Amino acid sequence: MSTALAQDIPTGLWIGNDERPAASGATIDVVDPATGKVLTSVADAGIADATAALDAAVAVQAEWAATSPRERSVILRRAWELIAERADDFAALMTAEMGKTLAESRGEVAYGAEFFRWFSEEAVRVYGRTATPPAGNGRILVVKQPVGPVLAVTPWNFPLAMGTRKIGPALAAGCTVIVKPAEDTPLTMLLLAKVLADAGLPDGVLSVLPTLNSPEVVAALMADPRLRKVSFTGSTQVGKILIEQSAGQVLRTSMELGGNAPFIVFDDADIDAAVTGAFAAKMRNGGEACTAANRILVHNPVREEFTAALTEKVAAIKVGPGDADGVDLGPLINAKQRDRVAALVDEAVGLGARVRTGGKALPGDGFFYEPTVLDDVPAGARILGEEIFGPVAVITGFDTEDEAVALANSTDYGLASYFYSRGLDRALRVSTALEAGMVGVNRGVISDPAAPFGGIKQSGLGSEGGSEGIEEYLNTKYIALTG
Ligand code: NAD
């Protein structure tokens, strides 16, 4: 890592708009995945620190809920401006702790900040309704109120955006928030907390608790009756644990979980456009995205043409440290993740998959894996059933539309899906039939702060972004009036 990092990045726990060491004095090493070397260390929260953060949130919850929507809107808008002013600081930090290229990091800064601008605009547009009961006796008044203190648990793959997507609507709605960032990437969220304080967010409204003891810290917060909601982005496996835990206090939950996105290319598609789309859907964020095209299903008559063109593009990717000139792909997040990707590829190849390019981990201290294309991947290979979370494109063929849809839906996940076709009838038929919360038609990138992002089946509960996103942080209250 050669890019200089900002000097004012907090490394303590962020509670009450201030930094403090963990009560235990423990720290977490933050590692640069391009070198395997320690960048710095941050405080490691325990249960006593989590209780202090919740005390701070509870102490100001009523006051924060009572601020005017315009006041909350102005703070979010100011934070959006400050993130833009500090875009280079955020991008360098994300590249340092997560590994993605600076270009990818800049893209995430713009995308992540946009949730604050979007929800600054939504804060002043929360509506209830009135109705006259059928019997004509009185009035039905429906109002929306903030849920209360929220716990947001976020993953490492988008260290900024997965936080702003929760913090933006929660603050807009009038909720206080405790963020538990991923242990691999706590620095981006700590800098964001500082920026929100600079934007005028009152003390106690936002806390950030990096910890190596997520199961204990999160369980303790969720068992506390003062917490009212948990919003989680991460693996389905951990999401299921949190859904079970949420039963204890009957917490509101939002769950953005894993995916196994199908990317279908029909023989009536614009093949060049499909290659460009597949490349984006697969390689964005180095493949470490829940929306990544996990299974590329190609109509057999165009399979070789498509596969050869995609292979050429993937083979041209330049791998290296994310802050180096001309690099297109950085390292994976850690050694465990790199070894997982290698094991999935090795198993598929052992079962008969053909390596068109790549196929190996790269030697050295960083956690790099070659950009890879696998063709003829046999049914039953683990790589078709599990999230790859790496730069590996997996191609299988199909003969009919019904077969493609059946293959696409043959998964417990239901987050993103994509297909390319020029036929309008087919576009409507297939987008209706796909069992997924999101469908990209003739496009490989679908994330948009103005659209509801979310999964069905084992990919989650609820939506983030769009006008739907703020509803996750609002309770509905019915007031019965006479007269
Ligand atoms: P993860 O589930 O391992 O961790 C996510 C977060 O949960 C981290 O902060 C982690 O520290 C915490 N955690 C882990 N175990 C916990 C426990 N027992 N109790 C409480 N918290 C716990 O996921 P990850 O490896 O950080 O991220 C990758 C996963 O996230 C992938 O499955 C990906 O698909 C998913 N993801 C989903 C979306 C979406 O919007 N659907 C977006 C990004 C990532």
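Counting starts at 1 for both ligands and their atoms, in listed order. Worth saying up front: this structure is predicted, and the values here are computed from it rather than measured.
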Would you say the side-chain atoms of Ser105 and Thr95 include a donor-acceptor pair closer than 3.5 Å? yes

Which option out of Asp184, Val218, Asn334 puts a heavy atom nearest to atom 20 (C) of ligand 1? Val218

Could you check which of Ile333, Val238, Thr291 puts a non-hydrogen atom nearest to atom 17 (C) of ligand 1? Val238

Here's a test for you: under salt bridge (charged side-chain N to carboxylate O under 4.0 Å, His left out), which of Glu122, Glu471, Glu472 qualifies with Lys144? Glu471

Interatomic spacing from CD in Glu108 to CD in Glu114 - rounded to 0.5 Å: 13.5 Å

Output yes when the distance from some N or O of ligand 1 to some N or O of Ser459 is under 3.5 Å, and no in every other case. no

Less than 4.5 Å apart, side chain to side chain, heavy atoms only: is that true for Val58 and Gln61? no

Is a side-chain N or O of Ser459 found less than 3.5 angstrom from the main chain of Gly414, in a donor-acceptor match? yes

For atom 44 (C) of ligand 1, the closest protein heavy atom turns out to be Asn157 ND2, 3.4 Å

Below the 3.5 angstrom mark, is there an N/O of Glu387, backbone or side chain, next to an N/O of ligand 1? yes

Check whether the side chains of Ser254 and Lys166 place a donor and an acceptor atom closer than 3.5 Å, and report yes or no. no

Protein contact of atom 21 (N) of ligand 1 - nearest heavy atom, named by residue and atom, plus distance: Ser214 CB, 3.7 Å

Which of the numbered atoms in ligand 1 are under 4.0 angstrom from any heavy atom belonging to Met162? 42 (C), 43 (C)

Got an N/O contact under 3.5 Å between Thr233 and ligand 1? no

Is ligand 1 under 4.0 Å from a heavy atom in the side chain of Phe389, in the backbone, in both, or in neither? side chain

Can you find an N or O of Leu257 that's nearer than 3.5 Å to an N or O of ligand 1? yes

What is the nearest protein non-hydrogen atom to atom 11 (O) of ligand 1, stated with its residue, atom name and distance? Glu183 OE1, 2.6 Å

Could you tell me, atom by atom, which parts of ligand 1 come under 4.0 Å of a heavy atom of Val153? 6 (C), 7 (O), 9 (O), 12 (C)

Are Leu415 and Met438 side-chain neighbours, meaning at least one heavy-atom pair lies under 4.5 Å? yes

Which class fits the ring pair Phe158 and Tyr111: parallel under 30°, tilted 30 to 60°, perpendicular over 60°? perpendicular

Could you check whether any side-chain N or O of Asp184 sits under 3.5 Å from a backbone N or O of Glu97, counting only pairs where one atom can act as donor and the other as acceptor? no

Donor-acceptor contact present, side-chain Arg295 to main-chain Leu407, <3.5 Å: yes

Protein heavy atoms: any of them under 4.0 Å from atom 4 (O) of ligand 1? no

What do you reckon, does Leu242 put a non-hydrogen atom under 4.0 Å from ligand 1? yes

Where the side chain of Lys240 meets the backbone of Gln458, is there a donor-acceptor pair that is under 3.5 Å apart? no

Could you tell me if any non-hydrogen atom of Arg165 lies under 4.0 Å from any atom of ligand 1? yes

Check ligand 1 against Phe453 and write out every atom of the ligand that is under 4.0 Å from a heavy-atom position of the residue. 39 (C), 40 (O)

With respect to atom 9 (O) of ligand 1, which of Thr154, Ile241, Leu415, Thr211 exhibits the smallest heavy-atom separation? Thr154

Before giving the answer on salt bridge (Lys or Arg N to Asp or Glu O under 4.0 Å), spell out for Lys194 and Asp89 the whole-Å C-alpha distance, their side-chain angles and the decisive distance to 0.1 Å. CA-CA 13 Å; Lys194 166 121 196 353; Asp89 287 344; over 6 Å; no

What orientation do Phe119 and Phe115 show, parallel under 30°, tilted 30 to 60°, or perpendicular over 60°? parallel

Side-chain donor-acceptor contact under 3.5 Å, Lys180 with Thr211: no

What protein heavy atom lies closest to atom 26 (O) of ligand 1? Include the residue and the distance to one decimal. Trp156 CD1, 3.0 Å

I'd like to know if Phe232 contacts ligand 1, where contact means a heavy-atom distance under 4.0 Å to any ligand atom. yes

Quick one: nearest non-hydrogen protein atom to atom 2 (O) of ligand 1, plus distance? Ser235 OG, 2.6 Å

Polar contact flag, side-chain donor to acceptor under 3.5 angstrom, Tyr473-Ser231: yes

Considering Gly234, Ala416, Ser463, which one's heavy-atom position lies nearest to atom 29 (C) of ligand 1? Gly234

Check each heavy atom of Gln237 against ligand 1 and say whether those closer than 4.0 Å belong to the side chain, the backbone, both or neither. neither

Counting non-hydrogen protein atoms only, what is the nearest one to atom 27 (O) of ligand 1? Give residue, atom name and distance. Pro155 CB, 3.4 Å

Closest to atom 18 (N) of ligand 1 among protein heavy atoms sits Pro215 CG, 3.6 Å

Considering only protein heavy atoms, which is closest to atom 39 (C) of ligand 1, and at what distance to one decimal place? Cys290 SG, 3.3 Å

